[in-house]
Amino acid sequence: MRKAILTGVFFLSIQSLMGQKQSISQDSISLFFSEIKEASNRNIQLWNKNLYGPILLIDPETRKFFANEPDAEGTLEPHGNFYSGVFPDNINIANTAIDWKGKSWAMIMLPLPKNKEDRINLLAHESFHSIQPSLGFVFSNSDNNHLDQKGGRIYLRLELEALKKAVQASSEKELHQHLTNAFTFRKYRHSLYGNSDTAENLLELNEGLAEFTGAMLSGRNKVQATSSFIKGIDHFFNNPTFVRSFAYYTIPAYGYLLYNKDKNWNKNITDKTDLTDYFIKAFEVKIPADLKKTAENLSSRYNGKVINKEEEAREEKIKKLIADYKLKFIDQPHFELKFVKMSISFDPRNIIPIENKGTVYPNIRVTDKWGILTVEKGALMSPDWDKISVSSPVKTEGKKISGEGWILDLADNYTIEKDGISGNYKLKKITD
């Protein structure tokens, strides 16, 4: 999936979330590359593999990029120990791994975090994705729509509150108790939603392991690591949705705690490993038989009353938002764009599942044979990822078509037409 879909991940660190700006000089670019190279060399034992490989640092506004090595075609402009160029418009920009010009690159958007440890964390995360296939881990970005339901959100938040207590624990006994409670909340959440354990595991094996790698290479000491996990989780709670972002906060913390006990744990897993069961066994946790009663009784220890109240209020707001989206993209006339050979980038922090109708992406960019679609006020992705819907077009200027919160730069061999019965618009390929 990741080869075809470039998932824009803008929340890999507190600093990048807060949008810290910094001027980019040639010395800065050289420094960034040397920092991740040194960190990779120091931590080869983490995966028995050097993470340092082809890297692209790219300005999403100008599309200018800097590379730490030449491309296979020799087309990049050299600047001492790095190279530069301008990324083509038909390729989406995101924090991701991408095959381009004969190499597999880690692509990271500029500006990078000002804090060195956060900067290395981000670079190492995406570098992991570049070597991920060679480690035997497949790319997978599963949706976890149950984490947009009230119960799913409540018991994820409770799990993370217990995990925060675990990373701050001052004794093995205290650590074990909070981990037991965290996994009790997790197991109860899984019991509420069918196949939720499988869906969560897929994302944790992909993004969770990548972020664990970033955390381990960051160079943070114990105090800094603890602070990073706590601040990260607290900031995560402000995300509009959790369905694609939770793994960035669960596996890094669990993995860090287990690494203190077993420095080879991550090398003993495969893409078939159930990480929940693996951690439960590794931490010697015993899950209670009556999950519901135990989870409900434990909730008060982890801010449960406040969490329940907040989630009840959110549920009412989401119901209205979903009703508005259904009207806009399903019930009333709209514009459906079927995919031919698409690539997308989006912000996974704010997506909204719409029952069995698909998922609304408030911010998304799609490139396909029919052109480039840029959305800033919502689009509905179908459940099968075979089409995307936006509101009806209101303006046409040559090949540039626009509607409420979206612009489509249409390819020369395509046009749009309106269905006289439904009132919906659709793409039409022009034949010679």
Side-chain angles (χ1 to χ4, degrees), residues 1-2 4-21 58-61 63 87 89 91-98 106-113 118 121-122 125-126 129 139-145 147-148 153 156 203 206-208 210-211 214 232-249 314 317-318 321-322 324-325 328-329 337 342-354 358-368 372-382 385 388-391 404-408:
M1 181 66 73
R2 196 177 180 105
I5 302 170
L6 301 183
T7 305
V9 182
F10 306 119
F11 51 89
L12 295 180
S13 70
I14 298 297
Q15 285 72 15
S16 60
L17 266 175
M18 297 175 67
Q20 290 191 19
K21 298 294 184 180
I58 185 165
D59 185 333
E61 295 183 3
R63 304 186 77 85
F87 224 55
D89 287 337
I91 300 179
N92 288 315
I93 297 173
N95 290 342
T96 190
I98 180 174
M107 178 196 293
I108 301 98
M109 295 184 295
L110 294 169
L112 299 183
D118 294 330
N121 195 142
L122 173 56
H125 176 114
E126 298 306 337
H129 283 312
F139 293 115
S140 177
N141 278 301
S142 62
D143 285 327
N144 286 266
N145 291 348
L147 294 180
D148 207 53
R153 287 178 57 90
L156 174 62
L203 193 61
N206 189 36
E207 299 298 352
E211 186 64 4
I233 290 171
D234 286 341
H235 201 282
F236 164 73
F237 288 151
N238 295 320
N239 285 357
T241 185
F242 299 158
V243 298
R244 276 184 173 264
S245 52
F246 73 96
Y248 290 77
Y249 306 95
R314 178 187 182 274
K317 292 181 180 179
I318 290 297
L321 182 61
I322 288 176
D324 292 343
Y325 279 142
K328 184 176 183 179
F329 300 125
L337 299 89
M342 64 81 167
S343 173
I344 72 171
S345 63
F346 59 89
D347 183 347
R349 292 172 297 165
N350 59 5
I351 61 180
I352 306 294
I354 309 294
T359 302
V360 172
Y361 292 77
N363 309 96
I364 191 169
R365 186 178 191 268
V366 182
T367 62
D368 205 312
I372 301 174
L373 174 68
T374 305
V375 178
E376 294 182 352
K377 291 187 178 180
L380 177 65
M381 180 73 72
S382 66
W385 286 65
I388 192 167
S389 300
V390 294
S391 59
E404 183 187 359
W406 63 266
I407 297 174
L408 172 63

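Numbers here simply count residues along the sequence, with the first being 1.
- Between Ile98 and Ile91 the shortest side-chain heavy-atom distance falls below 4.5 Å.
- A side-chain contact (heavy atoms from CB on, under 4.5 Å) with Leu373 holds for exactly one of Ile364, Ile407, Val390, Thr367; it is Val390.
- When each of Ile372, Ile344, Ile93 is checked for a side-chain contact (heavy atoms from CB on, under 4.5 Å) with Arg365, only Ile372 meets the rule.
- Ring planes of Phe139 and His129: tilted class, angle from 30 to 60°.
- Interatomic distance, Leu203 CG to Ser245 OG, rounded to the nearest 0.5 Å: 8.5 Å.
- Leu337 has its side chain out of reach of Asp368: every pair of non-hydrogen atoms, C-beta onward, lies at least 4.5 Å apart.
- Here the closest non-hydrogen pair linking Met107 and Ala94 is SD-O, 3.0 Å.
- Residues Asn95 and Ile108 come closest through the heavy atom pair OD1-CA, 3.4 Å.
- Between atom CZ of residue Phe246 and atom CG of residue Leu156 there is a gap of 7.5 Å, rounded to the nearest 0.5 Å.
- Formation of a donor-acceptor pair under 3.5 Å by the Glu126 side chain with backbone atoms of Thr96 is found in this model.
- To the nearest 0.5 Å, the span separating OH on Tyr249 from CG on Asn239 amounts to 6.0 Å.
- A salt bridge links Arg314 with Asp148: the distance from a Lys NZ or Arg NE/NH1/NH2 to an Asp or Glu carboxylate oxygen falls below 4.0 Å.
- Of all non-hydrogen atoms in Phe87 and Asn92, the two that sit nearest each other are CE2-O, 4.3 Å.
- In terms of heavy-atom proximity, Pro348 sits nearest to Arg244 at CB-CB, 3.7 Å.
- Summarising the geometry, atom CG belonging to Leu122 is positioned 8.5 Å from atom CD belonging to Glu211; distances are rounded to the nearest 0.5 Å.
- Taking the six-membered ring where tryptophan is involved, the planes of Phe237 and Phe242 are tilted, since the angle between them lies from 30° to 60°.
- In this structure, the separation between CD1 on Ile351 and CG on Asn363 is 11.5 Å, given to the nearest 0.5 Å.
- Using a 4.5 Å heavy-atom threshold, the side chains of Val366 and Tyr361 count as separate.
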May I have the step-by-step check of side chain to side chain contact (heavy atoms under 4.5 Å, CB included) for Phe346 and Thr359, ending in yes or no?
CA-CA 12 Å; Phe346 59 89; Thr359 302; over 6 Å; no
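- Distance CD1/Ile388 to CG/Leu380: 8.0 Å, rounded to 0.5 Å.
- Proximity of Ile354 to Phe329: side-chain heavy atoms (C-beta onward) are nowhere separated by under 4.5 Å.
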